[in-house]
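Heavy atoms only: backbone and side chains are in, while hydrogens, waters and symmetry mates are out. Naming convention: chains lettered A, B, ... in sequence-line order (proteins, then strands); numbering from 1 in each chain.
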Protein chains: 2
Amino acid sequence: MKEWEKDCPILLTQRLISGKWKLSIIWFLAQNNVMRFGELKNAFDDSLLTQKMLTQHLKDLERDHLVNRQVYNEMPPKVEYSLTPTGKSFIPVLEHMEKWGQHYMHIHTDEA
Amino acid sequence: MKEWEKDCPILLTQRLISGKWKLSIIWFLAQNNVMRFGELKNAFDDSLLTQKMLTQHLKDLERDHLVNRQVYNEMPPKVEYSLTPTGKSFIPVLEHMEKWGQHYMHIHTDEA
DNA sequence: CTGCATCCGGAACGATACTG
DNA sequence: CAGTATCGTTCCGGATGCAG
């Protein structure tokens, strides 16, 4: 991308997780190991995630080697998603971010 | 925001760093401790960061208690930015993300 | 030097309908 | 069940010009 991206893998990381729901998707996959498309969709039940965005983000994540997509040629269709080794290696970072988020919330309880 | 944001401080974290250059700003401030507006702008010299975005991101970061903004009522104007304790507490997360980014680049050398 | 205001183009996001 | 296609909207980011 940019000249200084080589010096800032952070930007790469940021790019990979750019997308409103990607972190949540990884988060759910980290907890449940393997999830079908519908399961993933239901996990977001009370939110506004649409099938389109879920599909799109899953495609991105697959292209970025963070999730596996296992298709079963059956009827009815069945597609399972799981984290790749690379995706799993991101879990600690995710947990770190979560811990920091909790820390932040604990300090700045007044606002969102 | 959403019901499940309380269970996912990650989303809070993601929100705080949403913005194309915020991570880089924090990164520079982490390295240099205190930087003036112009210094910060020059640090991004070879990139496309405009003053508007820099100002806007700095305002966001200030509102989110991640950076301090120290104004000197002088002529010419002088404004210094530095990380707050909360901002500094984010540095390890940043480093974690950077290490993972390097790890990722090492494995997937072929693509961006 | 630092920062704000305005306009604008494109990307991201969202709702709905349709397909194998 | 697991998507694709289309359309509309919102929002982010960029260029320029102005102000204290």
Separation of D/dA2 atom P from A/Asn73 atom CG, nearest Å, is 13 Å

Computed from five pairs at either end and rounded to 10 degrees, the angle between the axes of the helix from C/dC1-D/dG20 to C/dG20-D/dC1 is 40°

Heavy-atom nearest nucleotide on DNA chain C taken for A/Gln51 and for B/Val71; more 5' hit belongs to B/Val71

Here the distance between atom C1' of D/dA2 and atom CZ of A/Arg69, to the nearest Å, is 8 Å

Interatomic distance, CG@A/Asp64 vs CG@A/Leu16, rounded to 0.5 Å, equals 5.0 Å

Sequence neighbours excluded, the answer for salt bridge (charged side-chain N to carboxylate O under 4.0 Å, His left out) partners of B/Asp60 is B/Lys22, B/Arg63

Outer limits of DNA chain C sitting under 4.0 Å from a non-hydrogen atom of chain A, read 5' to 3', are C/dC13 to C/dG20

Practice prompt. Please state whether the phosphate of D/dC1, meaning OP1 or OP2, lies under 4.0 angstrom from any side-chain nitrogen or oxygen of A/Arg36.
Written response: no

The side-chain hydrogen bond (donor to acceptor under 3.5 Å, both in side chains) partners of A/His57 (sequence neighbours excluded) come to none

**Distance flag, aromatic centroids of A/Phe28 and A/Phe44, threshold under 6.0 Å** = yes

The residue, A/Tyr81 or A/Lys52, whose nearest nucleotide of DNA chain D is more 5′ is A/Tyr81

A/Glu74 atom CD is separated from D/dA2 atom C1', nearest whole Å, by 13 Å

When rounded to whole Å, the NZ to C1' distance for the pair A/Lys78 and D/dG3 reads 17 Å

Hey, can you pull the donor-acceptor pairs under 3.5 Å for the side chains in residues 78-89 of chain A, sequence neighbours left out?
| unit_1 | atom_1 | unit_2 | atom_2 | d |
| --- | --- | --- | --- | --- |
| A/Glu80 | OE1 | A/Tyr72 | OH | 3.0 |
| A/Tyr81 | OH | A/Arg69 | NE | 3.2 |
| A/Thr84 | OG1 | A/His65 | O | 2.6 |
| A/Thr84 | OG1 | A/Leu66 | O | 3.3 |
| A/Thr84 | OG1 | A/Thr86 | N | 3.4 |
| A/Thr84 | OG1 | A/Gly87 | N | 3.0 |
| A/Thr86 | OG1 | B/His108 | NE2 | 3.1 |
| A/Ser89 | OG | A/Thr86 | O | 2.5 |
| A/Ser89 | OG | B/Trp100 | NE1 | 2.9 |

Here the side-chain hydrogen bond (donor to acceptor under 3.5 Å, both in side chains) pairs for residues 31-43 of chain B, sequence neighbours left out, are none

A/Gln14 atom CD is separated from D/dG13 atom P, nearest whole Å, by 9 Å

To the nearest angstrom, the CE-P distance between A/Met53 and D/dT10 comes to 16 Å

Comparing A/Thr55 with B/Leu49, nearest DNA chain D nucleotide closer to 5' gives the residue A/Thr55

Side-chain contact check for B/Lys20: nearest option of D/dG13, D/dT6, D/dG3 is D/dG13

Rounded to whole Å, the CD-C1' distance (B/Gln56 to D/dA15) equals 14 Å

- Task: Ignoring backbone atoms, establish whether B/His57 has a side-chain N or O less than 4.0 Å from OP1 or OP2 of D/dC12.
- Result: no

Between the CD1 atom in B/Ile26 and the CD1 atom in B/Ile17, the distance rounded to the nearest 0.5 Å is 7.5 Å

Atom NZ of B/Lys41 and atom P of D/dA15 are separated, to the nearest Å, by 10 Å

